[in-house]
Q: 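Sharing a structure, written as structure tokens. Questions coming.
These numbers were taken from a predicted model, which means no experiment stands behind them. Residues take their numbers from the sequence shown, with the count starting at 1.
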Amino acid sequence: GLPPAMQKVMFKGLLPEEKTLREIKVTNGAKIMVVGSTINDVLAVNTPKEAAQQEVKAEENKKEPLCRQKQHRKVLDKGKPDDVMPSVKGVQERLPTVPLSGMYNKSGGKVRLTFKLEQDQLWIGTKERTEKLSMGSIKNVVSEPIEGHEDYHMMAFQLGPTEASYYWVYWVPTQYVDAIKDTVLGKWQYF
């Protein structure tokens, strides 16, 4: 009662659809398996997944932007740092050869990012110390434009398994955001 398009034949693995049993050299007495699903079975499996994805999207839309959250407001309300790097909206640039500076960390202290590509490291420097992180140890990079200053982003480097391990950097010039993500997450090679 299943249409042929909904059937799969297995003999030492899944058989290519264009081959006949004779071409595959199925002999008399060999064991083959036919598996299949009705249209209703397929729809029943797909529907909950789609509904769950819609719920996740609805939940994400309810979340307030990061830059409005209390923990970030205290840094952003200080305003732009005096020595913030110029930003170019609508342009994507490669990482500069000099460190990115003039940004704040979550405690409002000055921070600079140095990309040591030959060592596959990101150096996060403050007045007190410099953290030398292997790019491979950074699990994820998230960023979001700063409301009212969309030419700058707030960005986090995930250093552990949870959101508590995020290292936040504020006032990242927008033209470097994609290059930072790609470099840290290994999306492209720098030549």
Side-chain angles (χ1 to χ4, degrees), residues 52-191:
Q53 287 173 343
Q54 288 173 348
E55 285 177 29
V56 167
K57 282 185 182 165
E59 192 63 36
E60 286 174 357
N61 291 341
K62 281 189 222 169
K63 283 184 183 176
E64 67 180 332
L66 292 170
C67 59
R68 287 193 203 154
Q69 294 175 10
K70 186 178 177 185
Q71 65 173 339
H72 304 298
R73 281 280 18 125
K74 65 180 184 181
V75 178
L76 294 173
D77 287 346
K78 288 178 71 168
K80 271 192 234 180
D82 296 335
D83 58 345
V84 71
M85 293 180 78
S87 178
V88 185
K89 195 173 178 182
V91 173
Q92 292 180 6
E93 292 184 15
R94 290 178 127 178
L95 290 174
T97 54
V98 298
L100 293 173
S101 60
M103 298 170 292
Y104 290 138
N105 60 18
K106 71 177 182 183
S107 59
K110 290 293 187 136
V111 67
R112 77 185 161 282
L113 303 175
T114 307
F115 294 87
K116 295 289 188 178
L117 301 175
E118 63 283 352
Q119 297 164 0
D120 201 33
Q121 291 181 337
L122 167 59
W123 291 9
I124 301 175
T126 62
K127 192 167 61 175
E128 295 79 27
R129 67 171 189 237
T130 299
E131 291 277 339
K132 297 179 180 181
L133 304 170
S134 159
M135 299 274 192
S137 70
I138 300 171
K139 314 270 185 274
N140 196 13
V141 180
V142 296
S143 74
E144 183 178 285
I146 298 171
E147 273 186 345
H149 302 276
E150 282 76 12
D151 47 339
Y152 290 94
H153 279 232
M154 48 190 288
M155 178 175 275
F157 300 98
Q158 185 178 351
L159 307 178
T162 65
E163 282 191 29
S165 68
Y166 282 8
Y167 187 97
W168 286 97
V169 179
Y170 303 86
W171 303 104
V172 178
T174 192
Q175 71 266 28
Y176 300 125
V177 169
D178 287 340
I180 292 170
K181 287 181 181 180
D182 290 348
T183 300
V184 170
L185 299 174
K187 297 271 194 317
W188 56 277
Q189 292 294 317
Y190 190 86
F191 295 102

Q: Could you tell me whether the side chain of Q158 reaches within less than 4.5 Å of the side chain of V142, counting heavy atoms only?
A: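 In short, these two side chains do not touch, never coming nearer than 4.5 Å.
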Q: Tell me, yes or no, whether the heavy-atom count around R73 atom CZ, taken from other residues, nucleotides or ligands under 6.0 Å, exceeds 12.
A: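 Check passes, neighbour count above 12.
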Q: Just to verify, what does Y176 make a ring pair (Phe, Tyr, Trp, His ring centres under 6.0 Å) with, not counting sequence neighbours?
A: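 Testing Y176 for ring pair (Phe, Tyr, Trp, His ring centres under 6.0 Å), a comparison that skips the adjacent residues, returns none.
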Q: Kindly compute the distance separating CD (E144) from NE2 (H72), expressed to the nearest 0.5 Å.
A: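 Reported to 0.5 Å precision, the distance equals 8.0 Å.
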Q: Answer yes or no on whether K78 is positioned over the face of Y104, meaning its NZ or CZ is under 6.0 Å from the six-membered ring centre and within 45° of the axis.
A: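 Yes - K78 lies over the ring of Y104, closer than 6.0 Å to its centre and within 45° of its axis.
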Q: Can you check whether L66 reaches W168 side chain to side chain, under 4.5 Å on heavy atoms?
A: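 Yes, close enough: below the 4.5 Å cut-off.
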Q: Enumerate the side-chain hydrogen bond (donor to acceptor under 3.5 Å, both in side chains) contacts for residues 106-115, please, sequence neighbours excluded, ordered by first and then second residue.
A: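 side-chain hydrogen bond (donor to acceptor under 3.5 Å, both in side chains) check on residues 106-115 returns D83-K110, N105-S107.
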Q: Do other residues, nucleotides or ligands put more than 12 heavy atoms under 6.0 Å from the CD atom of Q92?
A: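 No.
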Q: Taking the side chain as every heavy atom from C-beta outward, state whether P173 and Y152 have any atom pair closer than 4.5 Å.
A: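 With C-beta onward as the side chain, the pair touches.
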Q: May I ask you to decide if H153's main-chain N or O and S143's side chain share a donor-acceptor pair within less than 3.5 Å?
A: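 Absent.
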Q: Please tell me if the side chains of L133 and Y167 come closer than 4.5 Å, counting only heavy atoms from C-beta onward.
A: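 Not in contact.
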Q: Looking at residues at least two apart in the chain, or sitting in another chain, which of them share a ring pair (Phe, Tyr, Trp, His ring centres under 6.0 Å) with H149?
A: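 H149: ring pair (Phe, Tyr, Trp, His ring centres under 6.0 Å) contacts with W171.
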Q: Measure the CD1-OH distance between I146 and Y170 for me, rounded to the nearest 0.5 Å.
A: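 Going from CD1 on I146 over to OH on Y170, the span is 9.0 Å.
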Q: As a quick check of understanding, evaluate side-chain contact (heavy atoms from CB on, under 4.5 Å) for T130 and I124, giving each step before the final call.
A: CA-CA 6 Å; T130 299; I124 301 175; over 6 Å; no
Q: About how many Å separate CD of E163 and CG of N140, when rounded to the nearest 0.5 Å?
A: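 Rounded to the nearest 0.5 Å, the CG-CD separation comes to 10.5 Å.
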Q: Report yes if some heavy atom in the side chain of F157 is under 4.5 Å from a heavy atom in the side chain of V169; otherwise report no.
A: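 Yes, side chains in contact.
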Q: Are any of the side-chain heavy atoms of E131 and T126 separated by less than 4.5 Å?
A: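 Heavy-atom side-chain distance check fails, nothing below 4.5 Å.
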Q: Output all residues satisfying ring pair (Phe, Tyr, Trp, His ring centres under 6.0 Å) with F115, sequence neighbours left out; order by chain, then residue number.
A: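 With sequence neighbours excluded, F115 shows a ring pair (Phe, Tyr, Trp, His ring centres under 6.0 Å) to no residue whatsoever.
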Q: With rounding to the nearest 0.5 angstrom, report the CG to CZ distance, L76 to R68.
A: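 Answer for the CG-CZ pair, L76 versus R68, is 12.5 Å.
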Q: Does E150 have any side-chain hydrogen bond (donor to acceptor under 3.5 Å, both in side chains) partners at least two apart in sequence or in another chain, and if so, which?
A: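 Residues passing side-chain hydrogen bond (donor to acceptor under 3.5 Å, both in side chains) with E150: none at all.
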Q: Once you round to the nearest 0.5 Å, how far does CG of D182 lie from CZ of R94?
A: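 The CG atom of D182 sits 11.5 Å away from the CZ atom of R94.
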Q: Applying side-chain hydrogen bond (donor to acceptor under 3.5 Å, both in side chains), can you list everything that pairs with E118, at least two apart in sequence or on another chain?
A: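 If we apply the side-chain hydrogen bond (donor to acceptor under 3.5 Å, both in side chains) test to E118, skipping adjacent residues, there are no hits.
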Q: Supply the atom-to-atom distance K116 NZ to L122 CG, rounded to the nearest 0.5 angstrom.
A: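 Spacing of NZ (K116) from CG (L122) equals 11.5 Å.
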Q: Are the side chain of Q175 and the backbone N or O of V88 linked by a donor-acceptor pair below 3.5 Å?
A: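 Such a contact is found between Q175 side chain and V88 backbone.
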